[in-house]
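Single-structure report; data block below.
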Amino acid sequence: MSAFKDEDPRIHGIKTKIRVVPNFPKPGIMFQDITTLLLDPKAFKDTIDLFVERYKGKNISVVAGIEARGFIFGPPIALAIGAKFVPLRKPRKLPGEVIFEEYTLEYGRDRLEMHVGAVEPGEHALVVDDLIATGGTLCAAMNLLERVGAEVVECACVIELPDLQGRERLNGKPLYVLVESH
């Protein structure tokens with residue numbers, strides 16, 4: 001499901017505020033820079049509002065944001081829908097006891113960590129990040145939440161790179177995006 005397919009008039013404004021930076025961070029990559037979106041209060045608010053409109057009243061108790069840019073979009077969504085925000089962090093960034101999920105990157109491995117007890121069995125979770133490319137990070141986030149007994153209701157991203165087929169890796173879990181970039 002995608003907001004751009006619903007032809008919401010706010011989508012065009014959001015899309016025009018995302019800067020594409022060629023060859024960053026390495027040659028051949030077309031980096032989707034959301035910092036320019038954040039500089040426009042209307043486009044940033046429209047982005048948050050579209051997600052809030054979708055998830056308000058859906059019985060979501062946890063918004064899990066993936067480091068780092070999921071931390072930008074997740075907290076305002078969580079506040080607006082009355083859910084708690086749970087940061088899913090890179091290794092050794094959270095104090096105290098954590099659980100983790102490892103995942104494979106194009107070159108090597110990484111992991112996401114979450115505080116033990118941050119999410120209770122039976123809670124309904126929304127996973128938020130700025131972008132889905134190959135889907136590896138979203139899959140790790142879902143696995144981490146499901147291992148502690150949460151039900152992942154949906155994943156939400158501002159941008160999807162459909163050519164990388166990350167959606168197909170989500171094992172049928174719903175994904176909601178605002179903008180596609182080819």
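Under the salt bridge (charged side-chain N to carboxylate O under 4.0 Å, His left out) rule, Glu101 has a single partner from Arg109, Arg147, Arg89, Arg111, which is Arg147.
Between Phe73 and Ile48, the closest side-chain pair of non-hydrogen atoms falls below 4.5 Å. With contacts defined as side-chain heavy-atom distances shorter than 4.5 Å, the pair Leu138/Cys157 qualifies. Side-chain contact between Arg69 and Leu131 is absent, with no heavy atoms from C-beta onward closer than 4.5 Å. Contact of the Val179 side chain with the Gln32 side chain is not registered, since no non-hydrogen atoms from C-beta on lie closer than 4.5 Å.
Between the side chain of Arg10 and the backbone N or O of Lys42 there is no donor-acceptor pair closer than 3.5 Å. Checking side-chain atoms of Lys15 against main-chain N and O of Glu180 turns up a donor-acceptor pair under 3.5 Å. A side-chain donor-acceptor contact under 3.5 Å links Thr36 to the backbone of Lys17. Distance alone, capped at 3.5 Å, is enough to place a donor-acceptor pair between the Asn23 side chain and the Gly28 backbone. Checking side-chain atoms of Arg167 against main-chain N and O of Leu175 turns up a donor-acceptor pair under 3.5 Å.
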- Query: After noting the C-alpha distance and the side-chain angles of Phe85 and Ile77, does the key distance pass the side chain to side chain contact (heavy atoms under 4.5 Å, CB included) rule?
  - Reply: CA-CA 9 Å; Phe85 177 75; Ile77 295 167; over 6 Å; no
- Test Tyr103 against Asp110 for side chain to side chain contact (heavy atoms under 4.5 Å, CB included), laying out the working first. CA-CA 6 Å; Tyr103 61 101; Asp110 207 350; 3.8 Å; yes
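Between Lys90 and Glu67, none of the side-chain N atoms (NZ, or NE/NH1/NH2) sits under 4.0 Å from a carboxylate O, so this pair counts as no salt bridge. The residues Lys84 and Glu123 are annotated as salt-bridged, a charged nitrogen and a carboxylate oxygen being separated by less than 4.0 angstrom.
Going from atom CG of Leu144 over to atom SG of Cys139 covers 12.5 Å, rounded to the nearest 0.5 Å. Interatomic distance, Leu39 CG to Ile34 CD1, rounded to the nearest 0.5 Å: 9.5 Å. Here OG1 of Thr137 is found 6.0 Å from CD1 of Ile66. Values are rounded to the nearest 0.5 Å.
Of all heavy-atom pairs between Ile81 and Tyr55, the closest is CG2-C, 4.0 Å.
At most 12 heavy atoms of other shown residues, nucleotides or ligands fall within 6.0 angstrom of atom CZ in Arg92.
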